[in-house]
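Residue indices begin at 1 and follow the sequence shown.
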Amino acid sequence: MQELIQQLVQWLHGMGIHPSQETAHAIGDAVGQAGAAVGGAVAPVVAKMDMASLMALAAALGWASGFRLYAVVFLTGLMGYAGWMPLPPGLHLLAHPAVMAASGFMVLIEFFADKIPWVDSMWDSINSVVRIPGGALLAAGVFGADSAVMGLVAGLLGGGLAATSFATKATTRAAINTSPEPFSNWLASFFEDGLVVLVMWLATTHPLAFGIALVVMLLISALLLVVLYKFLISVVRKLRRFFGASPLESSSA
């Protein structure tokens with residue numbers, strides 16, 4: 001700062017203006033104090049917003065992974081690759097072209113599989129083994145490269161959010177599939193497609209609004225799971241049968 005003040009004084013001398021040394025020092029001190037005051041006031045706000053954005057991103061990755069893991073991986077990688085959002089170091093791998101190609105391919109398959117009644121429930125059962133741990137890993141990746149403790153906390157919460165949204169999706173689909181017409185299934189699937197985009201956009205642009213929306217979604221999920229308890233039990237039984245049979249049992253059968 002002092003060098004900049006000296007250059008300014010020399011420039012004024014060249015213009016025929018000759019401020020005294022006392023004046024120059026007074027200006028330098030005033031500028032320095034103002035800069036320190038502004039820096040001290042802004043820094044906490046920036047840090048707070050950065051942390052809020054990271055927490056919102058971790059929660060969004062966990063929640064949305066419960067019903068659209070591949071879309072979450074693809075969208076996050078696309079935002080980082082296109083420069084729309086600076087990805088945390090733990091998520092840089094998602095922007096790799098090979099990862100984007102693989103996740104994009106799986107998005108295409110899931111888009112059609114999720115629109116067919118009963119096939120969607122079978123698809124949910126198969127992908128339950130990757131959605132919940134995937135949500136936990138993605139949430140942990142937001143903080144894991146910088147803080148092992150925060151990464152573990154984010155992973156636990158992200159896995160819990162993924163499990164909640166997965167249970168809500170699977171239970172709701174089990175109830176919808178009892179209807180003979182396919183239109184309600186299509187509407188539910190398209191709603192989930194749009195919801196994952198909305199959740200990711202809201203978390204990365206309006207973290208506070210996303211936090212409020214997340215609380216509302218959790219309340220709705222709890223209400224749906226209570227109302228559709230019978231279908232939740234059927235989903236749990238199907239998952240137990242899907243994962244309960246060992247290779248020896250299946251071969252002997």
Side-chain angles (χ1 to χ4, degrees), residues 57-77 90-91 93-94 96 98-142 144 151-177 185 188-189 192-193 195-196 199-200 217-218 221-222 224-225 228-253:
L57 177 61
L61 292 175
W63 173 263
S65 295
F67 53 91
R68 287 290 190 276
L69 173 63
Y70 307 116
V72 170
V73 173
F74 179 77
L75 286 175
T76 307
L91 299 179
L93 188 63
L94 302 184
H96 192 282
V99 177
M100 292 180 59
S103 60
F105 176 72
M106 293 304 298
V107 168
L108 186 63
I109 294 179
E110 186 170 61
F111 179 83
F112 293 102
D114 199 67
K115 304 296 184 296
I116 304 175
W118 297 113
V119 173
D120 62 333
S121 293
M122 183 178 65
W123 179 262
D124 286 339
S125 299
I126 296 173
N127 285 274
S128 63
V129 71
V130 294
R131 285 179 182 170
I132 297 175
L137 289 174
L138 290 175
V142 175
L152 179 59
V153 172
L156 292 174
L157 294 178
L161 290 173
T164 302
S165 60
F166 171 78
T168 306
K169 168 188 167 58
T171 302
T172 306
R173 286 303 187 88
I176 292 176
N177 283 334
N185 189 287
S189 182
E192 293 169 4
D193 293 335
L195 183 60
V196 67
V199 164
M200 295 300 298
M217 289 189 294
L218 287 173
S221 293
L224 286 174
L225 292 176
L228 303 176
Y229 178 76
K230 178 180 67 174
F231 296 99
L232 174 62
I233 295 301
S234 67
V235 169
V236 172
R237 288 174 178 171
K238 289 178 182 178
L239 289 177
R240 284 181 176 178
R241 287 198 298 266
F242 183 81
F243 295 107
S246 65
L248 293 179
E249 291 173 343
S250 60
S251 61
S252 61

Point-to-point distance, once rounded to the nearest 0.5 Å, from [atom1] of [X] to [atom2] of [Y]:
| X | Y | atom1 | atom2 | answer |
| --- | --- | --- | --- | --- |
| Met100 | Leu94 | CE | CG | 9.5 Å |
| Thr76 | Leu91 | OG1 | CG | 7.0 Å |
| Leu152 | Leu157 | CG | CG | 9.5 Å |
| Arg68 | Phe74 | CZ | CZ | 15.0 Å |
| Ser189 | Glu110 | OG | CD | 8.5 Å |

Legend entry - Trp123/Ile116 under side-chain contact (heavy atoms from CB on, under 4.5 Å): CA gap, chis, key distance, verdict: CA-CA 10 Å; Trp123 179 262; Ile116 304 175; over 6 Å; no
Compare every heavy atom of [Y] with every heavy atom of [X], then report the nearest pair and how far apart it is.
| X | Y | value |
| --- | --- | --- |
| Leu225 | Ala167 | CD2-O, 3.8 Å |
| Phe166 | Ile132 | CD2-CD1, 4.4 Å |
| Ala139 | Ala58 | CB-O, 3.5 Å |
| Ala64 | Val196 | CB-CG2, 3.7 Å |
| Leu138 | Val73 | CD1-CG2, 4.0 Å |

Does [X] have any side-chain contact (heavy atoms from CB on, under 4.5 Å) partners at least two apart in sequence or in another chain, and if so, which?
| X | value |
| --- | --- |
| Leu93 | Val99 |
| Ala188 | Arg173, Ile176 |
| Pro133 | none |
| Leu195 | Phe67, Phe191, Val199, Met217 |

For residues 156-168, the side-chain hydrogen bond (donor to acceptor under 3.5 Å, both in side chains) pairs (sequence neighbours left out) are Thr168-Ser221
*asked:* Between Leu224 and Thr171, is the side-chain contact (heavy atoms from CB on, under 4.5 Å) condition met? List the steps.
replied: CA-CA 8 Å; Leu224 286 174; Thr171 302; over 6 Å; no
| message | What I'd like to find out is whether the side chain of Leu161 reaches to under 4.5 Å of the side chain of Leu61, using heavy atoms alone. | response | no
Would you call Arg131 and Lys169 a side-chain contact if the rule is heavy atoms closer than 4.5 Å?
-> yes
Q. For Asp193 and Lys115, what are the C-alpha separation, side-chain angles and deciding distance, and is it a salt bridge (Lys or Arg N to Asp or Glu O under 4.0 Å)?
A. CA-CA 11 Å; Asp193 293 335; Lys115 304 296 184 296; 2.9 Å; yes
Residues passing the side-chain hydrogen bond (donor to acceptor under 3.5 Å, both in side chains) test with Asn127, sequence neighbours excluded, are Tyr70
Report task. Please assess Leu69 against Met106 for the test side-chain contact (heavy atoms from CB on, under 4.5 Å), listing each intermediate value before the final yes or no. Result -> CA-CA 9 Å; Leu69 173 63; Met106 293 304 298; over 6 Å; no
- Task: Output yes when a side-chain donor or acceptor of Asp114 lies under 3.5 Å from a complementary backbone atom of Phe112, and no otherwise.
- Result: no
